[in-house]
Peer 1: 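One structure coming up, written as structure tokens, with questions to follow.
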Amino acid sequence: MVKYGLDYTRCRWILPLLLGIGVIFGIIALAGRGWLESQTLPYVHQASLWESCSRPSQGGEWNCESLMGYAWGRAAAATYLVGFLLLVICFALAIIAFAIDTLRFNFIRGIGGLLFVAAVFSVMGLVIYPVKFSSEIEMTGVNMFSWAYGFGWTTAIMEICLGFFFCCLPNYEDQILGNVKPTYFYSSP
């Protein structure tokens with residue numbers, strides 16, 4: 001891998017694989033019901049990006065209310081969903097870019113820029129949700145933002161990190177493609 005870099009057939013698929021993992025984490029965040037949960041007894045509150053559920057007591061039945069009735073709920077869902085859709089587009093573009101025999105480095109830099117835009121939308125949704133949820137939805141007991149919300153932040157962090165990697169990769173085009181002679185630091189007398 002070190003000798004061949006991204007020109008090596010198996011190693012060139014690492015970046016699209018990481019984007020694919022980010023897409024899977026985004027799906028888990030969008031579908032998960034664990035954005036907010038009760039942390040202590042009584043476990044009476046549970047929320048996702050789409051709805052908030054509560055029950056009167058520990059063994060009671062869940063009553064769910066859609067968060068799409070709130071402007072902030074629609075805004076949080078829309079911005080996170082736009083960020084996720086941009087991530088899916090970047091994933092498809094990365095597969096196309098790395099499937100071509102000769103890497104298109106300007107194309108790769110564009111994917112990096114699009115990943116930064118996706119990260120901005122994702123972070124906006126991830127910030128709107130807890131700020132407005134905690135101020136407008138009545139909660140009892142101690143509540144925590146849970147695993148699905150964590151998957152959302154993991155997706156946003158992956159978008160930022162992969163955006164940097166995709167943008168910086170073209171700077172090392174000659175080294176990656178093997179067009180530069182190796183430099184030896186030791187010279188014989």
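Quick caveat: nothing in here was measured; it's all calculated off a predicted structure. Index from 1, following the sequence.
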Peer 1: Rounded to the nearest 0.5 Å, how far does CD1 of Ile160 lie from CG of Leu115?
Peer 2: 10.5 Å
Peer 1: Honestly curious: do Ile108 and Ile89 fall in one hydrophobic cluster under the side-chain, below-4.5 Å linking rule?
Peer 2: yes
Peer 1: Are there more than 12 heavy atoms of other residues, nucleotides or ligands under 6.0 Å from atom CZ of Phe145?
Peer 2: yes
Peer 1: Measuring from Leu162:CG to Ile21:CD1, what's the distance to the nearest 0.5 Å?
Peer 2: 9.5 Å
Peer 1: If two hydrophobic side chains count as joined below 4.5 Å and joins carry through other members, does Met68 share a cluster with Leu30?
Peer 2: yes
Peer 1: Assert yes or no for the condition that the ring centre distance of Phe164 to Phe116 is strictly below 6.0 Å.
Peer 2: yes
Peer 1: Which pairs with one or both residues in residues 31-41 pass salt bridge (Lys or Arg N to Asp or Glu O under 4.0 Å), sequence neighbours excluded?
Peer 2: Arg33-Glu51
Peer 1: Go through the side-chain N and O atoms of Trp72 and Glu136 and say whether any donor and acceptor fall under 3.5 Å apart.
Peer 2: yes
Peer 1: Go through it in stages, so that I can follow the logic: the residues are Phe165 and Leu18, the test is side-chain contact (heavy atoms from CB on, under 4.5 Å), and I'd like the CA-CA distance, side-chain angles, deciding distance and then a yes or no.
Peer 2: CA-CA 11 Å; Phe165 197 77; Leu18 289 172; over 6 Å; no
Peer 1: Is there side-chain contact between Phe84 and Val23, with heavy atoms separated by less than 4.5 Å?
Peer 2: yes
Peer 1: Decide yes or no on side-chain contact (heavy atoms from CB on, under 4.5 Å) for Tyr149 and Leu49, but give the supporting numbers first.
Peer 2: CA-CA 9 Å; Tyr149 186 68; Leu49 181 61; over 6 Å; no
Peer 1: Looking at Gly125 and Thr79, what are the two nearest heavy atoms and their distance?
Peer 2: CA-OG1, 3.0 Å
Peer 1: Tell me if the aromatic rings of Tyr129 and Trp35 count as close, with their centers under 6.0 Å from one another.
Peer 2: yes
Peer 1: To the closest 0.5 Å, what do you measure between CG (Leu17) and CD1 (Ile95)?
Peer 2: 10.0 Å
Peer 1: Do the non-hydrogen side-chain atoms of Cys90 and Phe166 ever get within less than 4.5 Å of each other?
Peer 2: no
Peer 1: For the atom pair CH2 (Trp153) and CE (Met158), what is the distance rounded to the nearest 0.5 Å?
Peer 2: 15.5 Å
Peer 1: If we ignore hydrogens and angles and just use 3.5 Å, is the side chain of Tyr70 paired with the main-chain N or O of Ile137 as donor and acceptor?
Peer 2: no
Peer 1: Evaluate the criterion side-chain contact (heavy atoms from CB on, under 4.5 Å) for residue pair Leu36 and Met144; output intermediate values, then yes/no.
Peer 2: CA-CA 6 Å; Leu36 181 125; Met144 66 176 177; over 6 Å; no
Peer 1: Please determine whether residues Val88 and Val123 belong to a single hydrophobic cluster, defined as Ile, Leu, Val, Met, Phe, Trp and Tyr linked transitively by side-chain heavy-atom distances below 4.5 Å.
Peer 2: yes
Peer 1: Looking only at heavy atoms, which two atoms of Phe107 and Ala97 are closest? And how far apart?
Peer 2: CD2-CB, 3.3 Å
Peer 1: Taking all atoms of both residues into account, what is the closest heavy-atom pair of Pro16 and Ala94, and its distance?
Peer 2: CG-O, 3.9 Å
Peer 1: Looking only at heavy atoms, which two atoms of Ser54 and His45 are closest? And how far apart?
Peer 2: CB-ND1, 4.0 Å
Peer 1: Decide whether Ile14 and Phe91 are clustered together by the hydrophobic rule: side chain heavy atoms of Ile, Leu, Val, Met, Phe, Trp, Tyr closer than 4.5 Å, transitively.
Peer 2: yes
Peer 1: Ala47 and Ser52: which non-hydrogen atoms are nearest, and at how many Å?
Peer 2: CB-CA, 4.0 Å
Peer 1: Hey, quick one: are Val117 and Ile111 part of the same hydrophobic cluster, counting side-chain heavy atoms closer than 4.5 Å, chains of contacts allowed?
Peer 2: yes
Peer 1: With rounding to the nearest 0.5 Å, note down the distance linking CD in Glu159 to CG in Leu114.
Peer 2: 9.5 Å
Peer 1: If you compare all heavy atoms of Ser48 against all heavy atoms of Leu67, which two are closest, and at what distance to 0.1 Å?
Peer 2: O-CD1, 3.5 Å
Peer 1: Rounded at 0.5 Å granularity, tell me how far OH in Tyr80 sits from CG in Leu87.
Peer 2: 8.5 Å
